[in-house]
Amino acid sequence: MKIYVFGNIDFGFDSIALRLLPILSVKLDGVEFVTLENIDELTEFPNPIYIMDSAVGIREVLVTDKLEALEKPKSLSLHDFDLSWNLKLLKKLGKINKVKIIAIPSTLDMYTAMNETEEIIKKLLILK
């Protein structure tokens, strides 16, 4: 399983997915994590495509496949605009069919984020 990871290490609220990578990479055998700065770097379109990113306004790690539910955030950086907009565009163009987004609350403590994210990815591995 390949999971594309987005975030910006320079912004605390947008870095949690990246900060989890060193530990998740060791704990989850069979998962390849690929960090991307923006969606334009995506060169292959598996079905489903798995994405991990930080999220605002949620309290626990969750998985969603509903691109329509992605809120357009107040634009703080180009990354904020690019990910949700480009995923919707790629779907409309038929490049991607199914998306699973692992959303990690940006305010969650590292210990809880690690445990919840690890469990969700393990469940996704079983369902795959």
Side-chain angles (χ1 to χ4, degrees):
M1 170 189 279
K2 188 179 286 191
I3 299 176
Y4 296 95
V5 183
F6 291 88
N8 187 328
I9 204 72
D10 295 327
F11 294 107
F13 63 88
D14 195 26
S15 67
I16 194 159
L18 294 171
R19 290 185 288 133
L20 293 176
L21 281 186
I23 301 167
L24 286 175
S25 297
V26 172
K27 292 179 106 179
L28 295 168
D29 201 30
V31 178
E32 178 185 355
F33 293 97
V34 178
T35 58
L36 300 176
E37 292 212 11
N38 64 57
I39 196 80
D40 294 336
E41 296 175 8
L42 196 60
T43 58
E44 58 185 344
F45 304 95
N47 187 29
I49 184 169
Y50 294 95
I51 292 176
M52 188 167 80
D53 199 359
S54 61
V56 176
I58 59 173
R59 293 179 185 220
E60 60 187 18
V61 179
L62 59 85
V63 176
T64 185
D65 58 2
K66 309 228 181 309
L67 291 178
E68 306 77 38
L70 293 177
E71 271 186 43
K72 183 178 170 194
K74 292 180 183 170
S75 199
L76 300 169
S77 71
L78 287 177
H79 162 75
D80 294 328
F81 173 73
D82 282 343
L83 187 57
S84 64
W85 188 84
N86 277 312
L87 284 174
K88 290 173 188 174
L89 180 62
L90 287 170
K91 187 166 186 176
K92 195 171 202 170
L93 292 172
K95 292 262 189 185
I96 59 173
N97 185 18
K98 210 171 187 187
V99 178
K100 298 271 185 193
I101 299 172
I102 303 163
I104 306 167
S106 59
T107 57
L108 205 57
D109 67 272
M110 287 295 288
Y111 179 79
T112 305
M114 177 59 62
N115 289 333
E116 290 182 12
T117 304
E118 181 182 4
E119 287 306 309
I120 282 179
I121 293 173
K122 284 179 179 178
K123 287 178 188 174
L124 289 172
L125 281 168
I126 292 169
L127 296 174
K128 187 175 179 204

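Just so it is clear, the model here is predicted, and its values are computed rather than measured.
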request  = Report yes if the side chains of Leu108 and Arg59 come closer than 4.5 Å at any heavy-atom pair, otherwise no.
outcome  = no

Residue pair Phe6 / Ala17: nearest heavy atoms and the distance that separates them = O-CB, 3.9 Å

query = If you round to the nearest 0.5 Å, how far is CD1 of Ile120 from CG of Leu125?
reply = 12.5 Å

ask   = More than 12 heavy atoms of other residues, nucleotides or ligands under 6.0 Å from CG of Asp109: is that the case?
value = yes

inquiry  = Check this for me, if you would: do Glu118 and Lys122 make a salt bridge, where the nitrogen-to-carboxylate-oxygen distance has to be below 4.0 angstrom?
reply    = yes

query = If we ignore angles and hydrogens, is there a donor and acceptor under 3.5 Å between the side chains of Tyr4 and Glu32?
reply = no

task = May I ask you to test the Met52-Leu21 pair for a side-chain heavy-atom distance under 4.5 Å?
result = yes

Stepwise side chain to side chain contact (heavy atoms under 4.5 Å, CB included) check, Asp14 with Asp53 = CA-CA 8 Å; Asp14 195 26; Asp53 199 359; 3.6 Å; yes

ask   = Atom OG1 of Thr117 and atom CD of Glu60: how far apart are they, to the nearest 0.5 Å?
value = 11.0 Å

key: Interatomic distance, Ile3 atom CD1 to Leu24 atom CG [nearest 0.5 angstrom]   = 8.0 Å

task = Find the distance between CD1 (Ile58) and CD1 (Ile104) and round it off to the nearest 0.5 Å.
result = 8.5 Å

ask   = Any side-chain heavy-atom pair from Tyr50 and Met1 closer than 4.5 angstrom?
value = yes

Interatomic spacing from NZ in Lys27 to CD1 in Ile121 - rounded to 0.5 Å = 11.0 Å

message = When you compare the side chain of Val61 with that of Pro105, does any pair of heavy atoms fall below 4.5 Å?
response = yes

Expected list for residues 93-101: side-chain donor-acceptor pairs under 3.5 angstrom, two or more places apart:
none

request  = Compare all side-chain heavy atoms of Thr107 with those of Val56 and state whether any distance is below 4.5 angstrom.
outcome  = no

query = Between Thr35 and Glu41, which heavy-atom pair has the shortest distance, and what is it?
reply = O-OE1, 4.4 Å

ask   = Are any non-hydrogen side-chain atoms of Val5 and Leu36 less than 4.5 angstrom apart?
value = no

query = NZ/Lys91 to CD1/Ile49 distance, rounded to the nearest 0.5 angstrom?
reply = 12.0 Å

query = Going hydrophobic residue to hydrophobic residue with side-chain gaps under 4.5 angstrom, can you get from Leu62 over to Ile16?
reply = no

